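FYI, the numbering just counts along the sequence from 1. Treat the numbers as computed from the prediction; the structure is a model and nothing was measured.
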Amino acid sequence: MTLEFYDESLLRGKNLIFLISQPRAGSTLTQRMLGSHCEIHTVSEPWLMLHPLYAMRSEGYEVEYNAEWARNAVEGFVDELPEGKEAYFNGLRRMYSYLYNCAATSSGKTYFLDKTPRYYLIISELYKIFPEAHFIILLRNPLSVLCSMINTWTLDDYFKLHLYKQDLLEAPGKLIEAINLLNNNCMVLHYEWLLLNSEVEINKICSWLGIQFSREMIDYGEAKDYPVWRYGDQNKVYQDTKPDSQNLDKWIRTLDNPQVWRVVNDYLEFLGVEKFIQLGYSYEEMRNLLDSKRPQWFELWRTLPLEVLLENPQNTKDWKDQQYFTKLISSINQFID
């Protein structure tokens, strides 16, 4: 261990950048751009902090050795410590700052960027452990996020959406809470503005971090030795060499499919006006867009509501009973003039 690991500012995360978003919100593109800077090192999504922080939670994870017993045991041990849970967080701070700094030091760069979208689940704990870290909250129109999930992950098997239920229903609210919590410790970046005004947006981040803007960050794909990461976008971000604003409205084309239109419409209604505005988007604009693309009611007859698709089909036992069909027919009546 080198002496720099004892630096209090490093222990508190001064050289850490956390990039957090909904999955399919453009985080891999953002990571590629930031990681092209000579002072920022990054790797494939680490997921490093989820395990130790969930160890103190009463739900949300499963392990072979019985998660409930393990949590109770860890909690009992921690309660016996003079500083209680504060000691646990201090321990995590020392261990994981060491690991992050090992990665940064080996690269010879100043900052380490951890891009793990599902850190939206643990932002408050991350902030407690690393109060001097830099948090970038990346937002994308949630309707576009949903369409990206469908086009990339579920394709025609819409029941796979249940795998991303938490990403759709919980992530937007948690990101809003994080922005309010972090205040000056975070920068809010919108995917749409990143595509439209790449240089301006990246310049803002560089200024915030105290590093010099580099044109290489925009032309990220010019690097010949850039690694292919295990996690994150595996296609478009490697095909392009720089952000492409033509990708902005591609999701709208998928609304021509009645089933896609149905779930996107349901998602807009689920999020509601206030949450949509808090995320920085116009609910009215999206409402008008969906209304302009609305299929005929008979085209919607065979579509399924988002509520049904987000349920695990293996756990759905009422496929053939009257209750299911009653629910389905009731859900379609709203589209019949």
Q) Between L161 and L146, does a side chain to side chain contact (heavy atoms under 4.5 Å, CB included) hold up when you go through it step by step? A) CA-CA 9 Å; L161 281 173; L146 172 55; 3.9 Å; yes
(Q) Quick one, H190 with E201, criterion side chain to side chain contact (heavy atoms under 4.5 Å, CB included). Give me CA distance, side-chain angles, the key distance, then yes/no. (A) CA-CA 9 Å; H190 285 86; E201 297 302 308; over 6 Å; no
Q: Take R262 and E299 through the test salt bridge (Lys or Arg N to Asp or Glu O under 4.0 Å) and record every step on the way to the result.
A: CA-CA 10 Å; R262 176 70 184 280; E299 295 179 292; over 6 Å; no
Q) Yes or no on salt bridge (Lys or Arg N to Asp or Glu O under 4.0 Å) for R71 and E68, after CA distance, side-chain angles and deciding distance? A) CA-CA 5 Å; R71 183 191 65 82; E68 183 180 357; 5.6 Å; no
Q: Given side chain to side chain contact (heavy atoms under 4.5 Å, CB included), test I218 with F213 step by step and report yes or no.
A: CA-CA 10 Å; I218 308 300; F213 170 77; 3.9 Å; yes
**Q.** Residues L81, Y88; criterion side chain to side chain contact (heavy atoms under 4.5 Å, CB included); working and verdict
**A.** CA-CA 9 Å; L81 299 176; Y88 184 76; 5.6 Å; no
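Salt bridge K174/E177: absent, no basic N to carboxylate O contact under 4.0 Å. The existence of a salt bridge linking E170 and R118 is excluded, since no basic side-chain nitrogen approaches an acidic carboxylate oxygen closer than 4.0 Å. Ion pairing between E311 and K165 holds under the 4.0 Å rule for side-chain N and carboxylate O.
No chain of hydrophobic side-chain contacts below 4.5 Å, direct or via other Ile, Leu, Val, Met, Phe, Trp or Tyr residues, connects M217 to V200. No chain of hydrophobic side-chain contacts below 4.5 Å, direct or via other Ile, Leu, Val, Met, Phe, Trp or Tyr residues, connects L155 to L306. Connection of M56 to F77 is established within a shared hydrophobic cluster, with ILVMFWY side chains joined at heavy-atom distances below 4.5 Å, either directly or through further cluster members.
Here CG of L16 is found 13.5 Å from OH of Y96. Values are rounded to the nearest 0.5 Å. Atom CH2 of residue W261 and atom CG of residue D266 lie 8.0 Å apart, to the nearest 0.5 angstrom. Here the straight-line distance linking atom CD1 of I136 with atom OG1 of T30 works out to 8.0 Å at 0.5 Å rounding. Once rounded to the nearest 0.5 Å, the distance linking OH of Y191 with CZ of R24 reads 8.5 Å. Interatomic distance, CG of L138 versus CG of L175, reported as 9.0 Å (0.5 Å rounding). Here L34 contributes atom CG and L209 contributes atom CG; the two are 7.5 Å apart, rounded to the nearest 0.5 Å.
For the pair Y119 and L48, the minimum side-chain heavy-atom distance is below 4.5 Å. For the pair T254 and V264, the minimum side-chain heavy-atom distance is 4.5 Å or more. You'll find the side chain of I150 reaches within 4.5 Å of the side chain of V263, heavy atoms only. Residues P117 and K115 are in side-chain contact: their nearest non-hydrogen atoms beyond the backbone lie under 4.5 Å apart. Within the 4.5 Å cutoff, side-chain heavy atoms of S97 are placed close to those of L11. Two residues are said to be in side-chain contact when any heavy atoms from C-beta on lie closer than 4.5 Å; R302 and Q259 fail this criterion. Between T42 and L19, every side-chain heavy-atom pair lies at or beyond the 4.5 Å cut-off. Between N90 and R93 the shortest side-chain heavy-atom distance falls below 4.5 Å.
Taking all atoms of both residues into account, the shortest heavy-atom contact from S106 to A103 is OG-O, 2.8 Å. Of all the heavy atoms in L143 and F276, the pair that sits closest is CG-CZ, 4.0 Å. Contact between Q212 and C206 at its shortest, heavy atoms only, is O-SG, 4.2 Å. Closest approach of L139 to L279, counting heavy atoms only: CD1-O, 3.4 Å. Shown here for M33 and Y220, the closest heavy-atom pair between the two residues is CG-CD2, 3.8 Å. The nearest pair of heavy atoms linking K14 to Y111 is O-CE2, 3.7 Å.
For E269, the CD atom sits in a packed shell: over 12 heavy atoms of surrounding residues, nucleotides or ligands are nearer than 6.0 Å. The environment of D156 atom CG is sparse: at most 12 non-hydrogen atoms of other residues, nucleotides or ligands sit within 6.0 angstrom. With a 6.0 Å radius and a threshold of 12 heavy atoms from other residues, nucleotides or ligands, K293 has its NZ atom above the threshold.
The closest donor-acceptor contact from the side chain of H37 to the backbone of E39 lies under 3.5 Å. Proximity of a side-chain donor or acceptor of S207 to a complementary backbone N or O of K204 within less than 3.5 Å is not detected. In this structure, N185 contributes its side chain and P131 its backbone to a donor-acceptor pair below 3.5 Å.
In this pair, Y267 and F270 present their aromatic rings parallel. The plane angle is below 30°, not in the 30 to 60° band. Classification of the Y100-F18 ring pair by plane angle, with boundaries at 30° and 60°, yields perpendicular.
A search for side-chain hydrogen bond (donor to acceptor under 3.5 Å, both in side chains) contacts involving R57 returns Y54, E125, not counting sequence neighbours.
Side-chain atoms of Y120 and D167 include a donor-acceptor pair closer than 3.5 Å.
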